[in-house]
There are 2 protein chains.
Amino acid sequence: MIEKSKPIITPLVAVDTVILTVHNNKLCVLLAKIKFGPFKGMHGIPGGRVKIDETLENAAKRELLEKTGLTDVYLEQLYSFGSIKRDPSVRIVSVSYFALVNSNEVELKSTGKYAEITWCPVHKLETLAYDHNTIIKYALFRLKNKIRYTNIMYSLLPNKFTLSDLQKMYELTLEKKLDKRNFRKKIMSSHLIKESGIEEGVSHRPSKLYSFKSNHPVYVEIF
Amino acid sequence: MIEKSKPIITPLVAVDTVILTVHNNKLCVLLAKIKFGPFKGMHGIPGGRVKIDETLENAAKRELLEKTGLTDVYLEQLYSFGSIKRDPSVRIVSVSYFALVNSNEVELKSTGKYAEITWCPVHKLETLAYDHNTIIKYALFRLKNKIRYTNIMYSLLPNKFTLSDLQKMYELTLEKKLDKRNFRKKIMSSHLIKESGIEEGVSHRPSKLYSFKSNHPVYVEIF
DNA sequence: CCAAAAGTGTTGGGGATACACCCATGA
DNA sequence: TCATGGGTGTATCCCCAACACTTTTGG
């Protein structure tokens, strides 16, 4: 399987992962400051070469684990980008993924290749390395659509949450206010979540807590 | 950019294209009989390695041109498949595309790598080479969804067509009968097509001909 | 009793579905 | 005049959007 003494005439394969969360009441993406190469000093989403003996998804999971310490989150392949000069130094095809994480469960870790790692609001992005602005836009587009007919919000929220929490997630993602009564009707009629206790220690009427029935993707019309 | 005397430790990159059409009143996929390699003798969708100096989309267009002689058809990236053993002899990541063509405009051409090329009804598929059954299923899923909110049927039909022709395309793709009156109302209110003459030489009331206003993808809610 | 967020019902309009008959043409 | 497919309108239902007040708790 391994050929020797041949020039590389194939594009290389990398995986780039758009890791999204809600942090400080804003939809954010995980960015890393790049230490080496043509985009040294710029920020970008984490990524790296796919090893010969790992699947694309496993490469994305490896990246995710390194940067966030998380394993069981929603992860989905987005699109493959193959412009010839997206990396000016070498021909790389990037298979992009997007992940949804709950920022409270994450401790950001820098690793060898990156200088620092931060959450950056998706609507205040500087110019990023490679074609990463494009990739993030694509991820946001996909996310906006997908929350209308799946339960993938489970991956953005803690296990138990209030309906107001959930509504806020939808509002931040869709970038618009939603009507509270209609929102609740739709969510409840989707049967994706179940009651799961009562909030405590708040100085107002305590809300019911809910949790998703499934922590795996389920497809149902919601909106 | 080209490194010498190093073992290849990166997966190779290929493009596989699901070419769909309506032929003999059935939704069909273009299959090719494979001449060489581990799947010799089996059928599969056309594909091949991506060259170092061509984009993914251009690789798919090249494949399409070779097999069908067509250039200006609807072509969209589907998904990238990267199982480690999808090709048992070498690690290949396949970026899949799907295309819609009008079978009347196509003359199928065999080329070096493939023994024969045929249209095969998508619901009568044998077991194909690689993971090509999976890829085709994925393409059909995408197509079924996409015709509900885009004009991509333009690529499956001749330039001028009747509303009955169009309805038949939808029915074959969605695998269900549609109500004629409601279908026409929805299509007309989408404003995607325009009147374009009258049918001639039929032994019944001649139908109006229509054509798509745009032969490029347009997104509009239809169904 | 006040502040703060939770929780809850009704109405009206628009779009989708269901359904059946007349029309234009060639043979 | 008949066979063939082309072409059209209406009634109903359901879903969605719009909208404001009461409830519960802690301080």
Side-chain angles (χ1 to χ4, degrees), chain A residues 22 24-25 144-145 147-150 153 157-158 160-212 219-223, chain B residues 22 24-25 144-145 147-150 153 157-158 160-212 219-223:
Chain A
V22 170
N24 292 338
N25 239 10
K144 273 193 192 186
N145 286 302
I147 59 173
R148 294 177 170 272
Y149 59 91
T150 70
M153 282 289 186
L157 283 158
K160 298 189 177 191
F161 52 86
T162 68
L163 289 182
S164 297
D165 293 338
L166 182 59
Q167 183 174 345
K168 188 176 288 172
M169 292 290 169
Y170 272 91
E171 290 177 340
L172 290 171
T173 306
L174 296 173
E175 297 177 90
K176 64 176 179 189
K177 287 278 171 200
L178 300 173
D179 179 85
K180 183 161 61 160
R181 285 159 291 190
N182 293 334
F183 177 79
R184 285 164 186 239
K185 268 179 280 183
K186 279 186 235 180
I187 289 294
M188 295 319 285
S189 68
S190 77
H191 301 291
L192 291 174
I193 64 176
K194 58 170 193 269
E195 286 194 30
S196 193
I198 302 271
E199 200 180 20
E200 286 177 10
V202 288
S203 75
H204 54 78
R205 176 172 176 175
S207 62
K208 289 181 185 171
L209 296 174
Y210 292 84
S211 56
F212 279 92
Y219 288 70
V220 183
E221 284 299 326
I222 305 171
F223 290 95
Chain B
V22 170
N24 292 339
N25 239 10
K144 272 192 192 185
N145 285 303
I147 59 173
R148 294 176 172 272
Y149 58 93
T150 69
M153 281 288 187
L157 283 158
K160 299 190 176 191
F161 51 87
T162 67
L163 289 183
S164 297
D165 292 339
L166 183 59
Q167 183 174 344
K168 188 175 291 172
M169 293 290 169
Y170 272 91
E171 290 177 340
L172 290 171
T173 306
L174 296 174
E175 298 178 89
K176 65 176 179 188
K177 287 279 171 198
L178 300 174
D179 180 85
K180 182 162 60 161
R181 285 157 293 188
N182 294 333
F183 176 79
R184 284 166 187 238
K185 268 181 282 185
K186 279 185 235 182
I187 289 295
M188 296 319 285
S189 68
S190 76
H191 301 293
L192 290 174
I193 64 176
K194 58 172 192 266
E195 286 194 29
S196 193
I198 302 272
E199 199 180 22
E200 286 179 10
V202 288
S203 76
H204 54 78
R205 176 172 175 176
S207 61
K208 289 181 184 171
L209 296 174
Y210 291 84
S211 56
F212 279 93
Y219 288 71
V220 182
E221 284 299 327
I222 304 172
F223 289 95

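To find a chain, count down the sequence lines: A is the first, B the second, and so on, and within it residues start at 1.
Between A:I198 atom CD1 and C:dA5 atom P the separation is 18 Å, expressed in whole Å. Distance CD (A:E221) to C1' (D:dC16): 14 Å, rounded to an integer number of Å. Rounded to whole Å, atom C1' of D:dT1 lies 18 Å from atom NE2 of B:H204. Straight-line distance from the CD atom of A:E199 to the P atom of D:dG26: 11 Å, rounded to whole Å. Per the geometry, CD1 belonging to B:I222 stands 12 Å off P belonging to C:dA16, to the nearest Å. A:M188 places its CE atom 10 Å from the P atom of C:dG7, with the value rounded to the nearest Å. Atom P of nucleotide D:dG5 and atom CG of B:L209 are separated by 17 Å, given to the nearest angstrom. Remark: P of D:dG26 and CD of A:E200 are 10 Å apart, rounded to the nearest angstrom.
Proximity of a side-chain donor or acceptor of A:Y170 to a complementary backbone N or O of A:I147 within less than 3.5 Å is detected. Remark: side-chain polar atoms of A:K208 are not paired, donor with acceptor, to backbone N or O of A:E195 under 3.5 angstrom.
The distance from the CZ atom of B:R184 to the CG atom of B:L178 is 12.0 Å, given to the nearest 0.5 Å. A distance of 9.0 Å separates NZ in B:K176 from NZ in B:K144, rounded to the nearest 0.5 Å.
When distances are taken from the side chain of A:P206 to each of C:dG7, D:dG27, D:dT25, the shortest belongs to D:dT25.
Here B:S164 lies in heavy-atom contact (under 4.0 Å) with sugar-phosphate atoms only.
Atom NZ of B:K194 has more than 12 heavy atoms from other residues, nucleotides or ligands within 6.0 Å.
Aromatic ring pairs are classed by plane angle as parallel below 30°, tilted from 30° to 60° and perpendicular above 60°; the pair B:Y149 and B:Y219 is tilted.
Near DNA chain C, meaning a heavy atom under 4.0 Å away, the residues from residues 174-186 of chain A are A:K180, A:R181, A:R184, A:K185.
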